[in-house]
Amino acid sequence: ASGKRLLTDIVSLLRFATHRDDELVPFGDQVRERFDAWMAQQDNRGRAFTAEEGRWLEMMRDHIATSLEMTVEDLDYAPFAEAGGRGRAAQVFGEHLREVLDELNGVLAA
């Protein structure tokens with residue numbers, strides 16, 4: 001396993017050992033489950049995302065699953081750079097970019 005994967009799995013192990021989680025589940029799986037629940041909540045609240053926003057959100061989800069958090073600076077690196085990087089993300093999410101990042105970090109890496 002990669003170093004990043006080992007780190008995130010250690011986080012899952014610690015959360016389980018300290019009784020923050022009742023079940024030992026790989027961190028990436030937890031992030032994907034939390035993301036799906038968050039997307040459903042957004043839909044229930046009437047917040048619809050465009051297809052492009054959805055692609056960016058999925059890249060952010062995957063980054064959090066391997067790196068524990070997502071920062072604006074991370075948008076300068078793969079895979080974000082190949083999709084237009086920080087500039088394109090700012091166009092896609094507008095003034096809400098930092099808010100989206102903060103919300104995803106709070107919900108997915110909780």
Side-chain angles (χ1 to χ4, degrees):
S2 72
K4 285 185 176 183
R5 167 103 191 267
L6 288 173
L7 176 63
T8 58
D9 285 347
I10 288 171
V11 169
S12 291
L13 182 60
L14 289 172
R15 290 176 61 93
F16 178 73
T18 59
H19 305 289
R20 287 191 64 193
D21 291 337
D22 296 330
E23 186 178 351
L24 184 57
V25 178
F27 185 73
D29 292 351
Q30 290 177 355
V31 168
R32 282 183 284 286
E33 288 173 17
R34 291 175 187 150
F35 180 79
D36 291 345
W38 180 78
M39 289 294 283
Q41 286 176 341
Q42 300 309 302
D43 189 47
N44 289 338
R45 293 179 181 156
R47 184 177 185 187
F49 294 104
T50 66
E52 185 173 17
E53 288 172 329
R55 284 190 299 276
W56 278 88
L57 290 169
E58 289 171 358
M59 286 191 294
M60 292 173 185
R61 173 203 63 200
D62 295 344
H63 184 80
I64 292 170
T66 60
S67 300
L68 302 175
E69 72 173 338
M70 178 78 206
T71 67
V72 171
E73 291 77 21
D74 292 328
L75 296 168
D76 294 330
Y77 304 103
F80 308 102
E82 287 84 7
R86 191 185 310 202
R88 185 64 190 149
Q91 290 175 339
V92 171
F93 292 101
E95 64 186 37
H96 301 288
L97 178 58
R98 285 195 185 270
E99 175 186 325
V100 167
L101 291 175
D102 290 343
E103 191 170 347
L104 285 176
N105 283 321
V107 171
L108 303 184

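The structure presented is a predicted model; accordingly, all values stated were derived computationally and were not measured.
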Using atom types as modelled and distance alone, determine if a side-chain donor or acceptor of Thr66 lies under 3.5 Å from a backbone N or O of His63.
-> yes
Flag, side chain of Glu99 to backbone of His96, donor-acceptor distance under 3.5 Å = no
For Arg98, what residues pass the salt bridge (charged side-chain N to carboxylate O under 4.0 Å, His left out) criterion, not counting sequence neighbours?
-> none
Closest approach of Gly28 to Ala65 (non-hydrogen atoms, all atoms of both residues) = CA-CB, 3.9 Å
Do Arg61 and Val31 have side chains that get closer than 4.5 Å, going by heavy atoms?
-> yes
Could you pull out the closest heavy-atom pair between Leu101 and Thr71, with the gap in Å?
-> CD1-C, 4.1 Å
Heavy-atom distance under 4.5 Å between the side chains of Asp62 and Phe35, does that happen here?
-> no
Glu58, Glu52, Glu53 screened by side chain to side chain contact (heavy atoms under 4.5 Å, CB included) with Trp56, the one that passes | Glu52
Should the heavy atoms of other residues, nucleotides or ligands under 6.0 Å from CD of Glu95 be counted, would the total exceed 12?
-> no
Show me the donor-acceptor pairs within less than 3.5 Å that the side chains of residues 75-85 make with the rest of the protein, sequence neighbours left out.
| unit_1 | atom_1 | unit_2 | atom_2 | d |
| --- | --- | --- | --- | --- |
| Asp76 | OD1 | Arg86 | NE | 3.4 |
| Asp76 | OD2 | Arg86 | NH2 | 2.5 |

For Asn44, does the CG atom sit with more than 12 other heavy atoms under 6.0 Å from it, leaving out its own atoms?
-> yes
Looking at CG of Asp29 and CZ of Arg34, how far apart are the two atoms once the value is rounded to the nearest 0.5 Å?
-> 11.0 Å
Heavy-atom check, side chain of Met39 versus side chain of Leu57, under 4.5 Å | yes
Contact check, side chains of Leu104 and Met70, non-hydrogen atoms, under 4.5 Å | no
Between Arg47 (side chain) and Gln42 (backbone), is there a donor-acceptor pair under 3.5 Å?
-> no
To the nearest 0.5 angstrom, please state how far the CD atom of Gln30 sits from the CD atom of Glu23.
-> 9.0 Å
Could you please spell out the steps behind the side-chain contact (heavy atoms from CB on, under 4.5 Å) verdict for Leu68 and Phe27?
-> CA-CA 9 Å; Leu68 302 175; Phe27 185 73; 3.7 Å; yes
Would you check if the side chain of Asn105 reaches a backbone N or O of Glu69 as a donor-acceptor pair within less than 3.5 Å?
-> no
Sorted by chain and number, sequence neighbours left out, ring pair (Phe, Tyr, Trp, His ring centres under 6.0 Å) with Phe49 holds for Trp38
